[in-house]
2 protein chains.
Amino acid sequence: MKINQLAQQADVPAKTIRYYEEIGLIKAPQRAENGYRIYRTDDVHRLIFIRRCRDLQISLEDIKTLLAAQSDNSAPCDKVDNIIKQQLKRVQVAREELCKLEQSLSALASSCQRNKVSECGILHKLHSEEA
Amino acid sequence: MKINQLAQQADVPAKTIRYYEEIGLIKAPQRAENGYRIYRTDDVHRLIFIRRCRDLQISLEDIKTLLAAQSDNSAPCDKVDNIIKQQLKRVQVAREELCKLEQSLSALASSCQRNKVSECGILHKLHSEEA
DNA sequence: AATAAAGGTTCCAGCAACTGGAAGGTCAAG
DNA sequence: CTTGACCTTCCAGTTGCTGGAACCTTTATT
């Protein structure tokens with residue numbers, strides 16, 4: 001299978017696949033005589049796994065760890081567990097941050113009644129202490 | 001006032017101030033004879049404004065627009081209004097995304113009962129269709 | 001006065017995770 | 001036989017900084 005087929009099946013741009021290879025996230029595949037990369041069905045699964053992790057905004061570094069954990073089947077899964085828990089923490093914190101942001105911004109958005117910048121409540125609030 | 005004083009008063013690293021100057025977000029200040037940047041009280045206010053906007057995760061591009069709007073006092077504040085509304089939208093979308101992420105991750109986090117990778121529910125779910 | 005520490009300056013590199021584009025080789029179809 | 005799609009490599013750019021080297025100036029201490 002050539003790179004674009006893999007790309008299509010895993011729903012990951014070909015460019016990104018080459019990038020993943022470059023940074024060592026996936027191993028370099030065999031090459032055809034013309035130099036084209038040749039992939040196996042196995043690679044589709046691995047790449048889909050990676051895409052799912054990326055959908056969950058797990059960093060490439062952490063994905064590397066997850067992949068490594070999988071290649072050693074008898075290893076304890078503390079690492080896997082920790083990564084997911086960490087991610088959950090990160091996402092929770094980020095969501096809380098965004099909630100605060102949302103409040104600030106919606107307060108700002110409702111504060112512009114005039115139509116001249118000099119009288120604009122938004123800019124006034126952004127300049128005042130409490131914004 | 002020298003750059004580190006400005007940095008302290010506005011709570012923005014000196015390095016970042018130079019960067020803002022470089023990309024044209026703030027204008028180049030006067031220089032002392034020794035080449036040091038000399039800032040005025042005015043600059044403190046502008047920089048605090050910028051920091052507040054960054055706290056709200058408004059992009060430097062948009063902050064540029066907000067600053068430009070302010071320098072033309074008689075301009076209508078549609079632009080300001082639009083930027084804030086856009087930001088609000090962006091933040092709302094991002095928060096919703098994070099809520100979904102949080103659900104997925106917390107489902108994953110609770111799915112590991114065994115202590116071998118080969119039996120790890122987390123990895124199984126990440127490999128299965130629905131993850 | 002000599003020297004050390006603190007604070008300036010410039011420029012270059014790197015982070016994450018790609019993405020775009022140039023320049024060129026290969027392959028199937030009309 | 002040429003057009004167009006697909007492959008290759010390599011280089012550059014994105015966002016918003018941040019770290020560090022190499023160097024100069026000012027201030028404090030011995």
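A quick note: this is a predicted structure, and the numbers were derived from the prediction, not measured. Residue numbers start from 1 in every chain, and the chains themselves are labelled A, B, ... in the order their sequence lines are given, proteins ahead of strands.
For the pair B/Asn34 CG and C/dT9 P, the computed distance is 8 Å after rounding to whole Å. Atom CD in A/Glu21 sits about 17 Å away from atom C1' in C/dT19, given to the nearest Å. The interatomic distance linking B/Tyr19 (OH) with C/dG14 (P) rounds to 17 Å, in whole Å. With rounding to whole Å, A/Ile50 atom CD1 is found 16 Å from C/dA16 atom P. Residue B/Leu25 contributes atom CG, which lies 13 Å from atom P of D/dT15 at whole-angstrom precision. When the P atom of C/dA17 is taken as reference, atom CD of A/Gln57 falls 10 Å away, rounded to whole Å. Residue B/Lys2 contributes atom NZ, which lies 14 Å from atom P of D/dT25 at whole-angstrom precision. For B/Glu33 and C/dG8, the CD to C1' distance is 15 Å, given to the nearest whole Å.
Formation of a donor-acceptor pair under 3.5 Å by the B/Gln57 side chain with backbone atoms of B/Arg54 is not found in this model. The backbone N or O of A/Val93 lies less than 3.5 Å from no partner atom in the side chain of A/Glu96, so there is not a single donor-acceptor pair. With hydrogens and angles disregarded, no donor-acceptor distance shorter than 3.5 Å links the side chain of A/Arg37 to the backbone of A/Gln30.
For A/Tyr36 against C/dG25, a side-chain N or O and a base N or O form a donor-acceptor pair under 3.5 Å.
Close to D/dG16, at under 4.0 Å from its OP1 or OP2, lies no side-chain N or O of B/Tyr20. Listed pair B/Thr16 / D/dT18 meets the phosphate criterion, a side-chain N or O lying under 4.0 Å from OP1 or OP2. Within the 4.0 Å cut-off from OP1 or OP2 of C/dT10, at least one side-chain nitrogen or oxygen of B/Arg31 is found. Taking side-chain N and O atoms only, A/Arg18 has no distance below 4.0 Å to OP1 or OP2 of C/dC18. Residue A/Arg37 has a polar side-chain atom (N or O) positioned under 4.0 Å from OP1 or OP2 of D/dT9.
With 3.5 Å as the limit, one finds a donor-acceptor pair spanning the side chains of A/Arg90 and A/Gln87.
Relative to the side chain of A/Lys15, the nucleotides C/dT19, C/dG21, D/dC7 differ in distance, and C/dG21 lies closest. Closest contact between the side chain of A/Leu60 and the listed nucleotides C/dA17, C/dT9, C/dC27 involves C/dA17. Closest to the side chain of B/Asn4, from the set D/dT8, D/dG16, C/dG8, is C/dG8.
Using a 4.0 Å heavy-atom distance criterion, B/Ile3 is classed as a sugar-phosphate-only contact.
Under a 4.0 Å N-O distance rule, the pair B/Glu21/B/Arg18 does not qualify as a salt bridge.
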